[in-house]
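Encoded as structure tokens, the structure appears first; notes follow it.
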2 protein chains.
Amino acid sequence: MSREDQMIEEMFNHEGGLTERQKKILAAAIESFAEKGFSATSTKEIAQKAGVAEGTIFRHYKTKKELLMSIVTPMMIKLMAPVIIKDINKVLNHDHQTFEDFVRAMIDNRRKFLKSNMKIIKIFIQEIPFHPELKEQFIEHVGSKVFMRLRQIVVYYQEEGQIIKLPPDTVIRLTGSTLIGYFVTQYAILPNSEWDDEAEVDATVGFLMKGLATGK
Amino acid sequence: MSREDQMIEEMFNHEGGLTERQKKILAAAIESFAEKGFSATSTKEIAQKAGVAEGTIFRHYKTKKELLMSIVTPMMIKLMAPVIIKDINKVLNHDHQTFEDFVRAMIDNRRKFLKSNMKIIKIFIQEIPFHPELKEQFIEHVGSKVFMRLRQIVVYYQEEGQIIKLPPDTVIRLTGSTLIGYFVTQYAILPNSEWDDEAEVDATVGFLMKGLATGK
DNA sequence: AATAATAGTGAGTACTCACTCATTTTTATA
DNA sequence: TATAAAAATGAGTGAGTACTCACTATTATT
């Protein structure tokens, strides 16, 4: 395990050092922030939902905003970790022979992440416009590192002749748009409707592959 | 001009019957809601920015929320109007010979709409998660009508043999994801960066066309 | 068992919130 | 120009707001 891997492992387990009450506060805050938004949620409400005195919240988090950040920041670490550790290695080790293999693996991987972090991701997206630090943190963590790796991956498959030689950033944008659109439709727009997932995944991946096929 | 067209015209000009002070209040509210969010904006702040007494706001709008709705609702009418009136007719009149012509016209059309309604659209997107009525209104106006028309358009080009015969809703999703991704990248993610728009539009449209090409 | 350190409490603080209403200012009508 | 109607005002209202702090309960250390 590399030094970088260890760093990330530590960041993951950072949540381990939480008291029982702290966990309750976090759970209550996640619930309320996701539902009503940061601004419209009162600390009194969080305390009640957590079954804790209001003062207890401020013993652990200096401000309400610090509570928000302690929910959202670790999620960003989680967001980037698998991309820069596992998937990139699989590509470089030729575990994913085709770009399609890679995309399908990404879909699986990101779906799991989405499902187990729905509420926190919701909070993150909802609050990004109002807290510039969030965007900055995101660029710092995800933007620089993940993007760099994704560029490498794209260039790799381009040089293999599997996908069109557009600028890598453009390829990432087109692929990202398509996959995010797939997830948003399934989980945000039509969360309760009938949805033939196998067919939709096939259509989406098929569309992507044809759209990015080499011009030859 | 059909009865439906007239209805929409009326809805458009609904803004006409506004006093000078009302316009100032709306402008101030749009500014603050877009920047800080609905919940974090106080009526006092809006009044000050508009150069108006706080009571004046409540003479025209019973509640702060009614003020929000009076900003956001007309925008939804504007959003759907051009789609259901102009573009659909052009398609049915064979003004857009190819699906590519249609997509490019849509990009132009929606870009103009976006540019002249940036802040209100920002407010709408930011507040949707916290006000279920907004989502319901959106489905009622945009969802039902616009979607129906888009389905017709897709079926038309499918029967012409220009695009693949996936379920129309899937085609709309893939096209929508691609175009929304293009706009979001340009205006929300990289609003200050260098961006070769001609190249990006060509890449995006090219990707779409190849991705949706018939399998023949 | 005594002491120290940490965690938890909830009433209290100064302040802000959306909204009201009696009063004043502006506009329309005669 | 006098009178009625409409619009605008801003001090006032009670109900919150995030956050503090003197105090109590619990846990760890000697």
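First the proteins, then the strands, lettered A, B, ... as listed; each starts at 1.
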B:S70 side chain vs B:L67 backbone, donor-acceptor pair below 3.5 Å |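 Yes.
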Between [N] atom [atom2] and [X] atom [atom1], what is the distance in whole Å?
| X | N | atom1 | atom2 | result |
| --- | --- | --- | --- | --- |
| B:Y61 | D:dA7 | OH | C1' | 14 Å |
| A:I46 | D:dG16 | CD1 | C1' | 15 Å |
| A:I57 | D:dC21 | CD1 | P | 18 Å |

Considering only distance and modelled atom types, tabulate donor-acceptor pairs under 3.5 Å from the side chains of residues 117-126 of chain B, sequence neighbours left out.
| residue | atom | partner | partner atom | Å |
| --- | --- | --- | --- | --- |
| B:K119 | NZ | B:E31 | OE1 | 3.0 |
| B:K119 | NZ | B:E31 | OE2 | 3.3 |
| B:K122 | NZ | B:A34 | O | 2.7 |

Partners of B:H60 by ring pair (Phe, Tyr, Trp, His ring centres under 6.0 Å), sequence neighbours excluded?
->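 B:H60 satisfies ring pair (Phe, Tyr, Trp, His ring centres under 6.0 Å) with no residue once adjacent residues are dropped.
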Can you list the residues that meet the ring pair (Phe, Tyr, Trp, His ring centres under 6.0 Å) rule with B:F38, with sequence neighbours excluded?
->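 With sequence neighbours excluded, B:F38 shows a ring pair (Phe, Tyr, Trp, His ring centres under 6.0 Å) to B:F33, B:H131, given in chain and number order.
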Is there a side-chain contact between B:R104 and B:D202, using heavy atoms and a 4.5 Å cut-off?
->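 Yes, their side chains come closer than 4.5 Å.
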Residues from residues 122-136 of chain B sitting under 4.0 Å of DNA chain C, heavy atoms only?
->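 Of all residues in residues 122-136 of chain B, none places a heavy atom under 4.0 Å from DNA chain C.
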Please list, for nucleotides 17-20 of chain D, all pairs of protein and nucleotide N/O atoms separated by less than 3.5 Å.
| residue | atom | partner | partner atom | Å |
| --- | --- | --- | --- | --- |
| D:dA18 | OP1 | A:T41 | O | 3.1 |
| D:dA18 | OP1 | A:K64 | NZ | 3.1 |
| D:dA18 | OP2 | A:T43 | N | 2.9 |
| D:dA18 | OP2 | A:T43 | OG1 | 3.0 |
| D:dC19 | OP2 | A:K64 | N | 2.7 |

By side-chain hydrogen bond (donor to acceptor under 3.5 Å, both in side chains) - contacts of [X] (at least two apart):
| X | value |
| --- | --- |
| B:D169 | B:R151 |
| B:E133 | B:K65 |
| A:S177 | none |

Please enumerate all protein N or O atoms sitting under 3.5 Å from an N or O of nucleotides 6-8 of chain C, with distances to 0.1 Å.
| residue | atom | partner | partner atom | Å |
| --- | --- | --- | --- | --- |
| C:dG8 | OP2 | A:H60 | NE2 | 2.8 |
| C:dG8 | N7 | A:R59 | NE | 2.7 |
| C:dG8 | N7 | A:R59 | NH2 | 3.4 |
| C:dG8 | O6 | A:R59 | NH2 | 3.0 |

Determine whether more than 12 heavy atoms belonging to other residues, nucleotides or ligands lie under 6.0 Å from atom NZ of B:K49.
->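 Atom NZ in B:K49 is crowded, with more than 12 foreign heavy atoms closer than 6.0 Å.
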Quick one: list whatever passes salt bridge (charged side-chain N to carboxylate O under 4.0 Å, His left out) with A:R59, sequence neighbours left out.
->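 So A:R59 forms no salt bridge (charged side-chain N to carboxylate O under 4.0 Å, His left out) with any residue.
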Output all residues satisfying salt bridge (charged side-chain N to carboxylate O under 4.0 Å, His left out) with A:K135, sequence neighbours left out; order by chain, then residue number.
->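 Residues passing salt bridge (charged side-chain N to carboxylate O under 4.0 Å, His left out) with A:K135: none at all.
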Which angle, rounded to 10°, do you find between the first-five-pair axis and the last-five-pair axis of the helix from C:dA1-D:dT30 to C:dA30-D:dT1?
->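 For the helix from C:dA1-D:dT30 to C:dA30-D:dT1, the axes at either end differ by 10°.
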Return yes if a side-chain donor-acceptor contact under 3.5 Å exists between A:Q186 and A:Y182, otherwise no.
->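 Yes, side-chain donor-acceptor contact under 3.5 Å.
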Parallel, tilted or perpendicular: which describes the rings of B:Y157 and B:F99, with under 30° parallel and over 60° perpendicular?
->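 Perpendicular, since the angle between the ring planes exceeds 60°.
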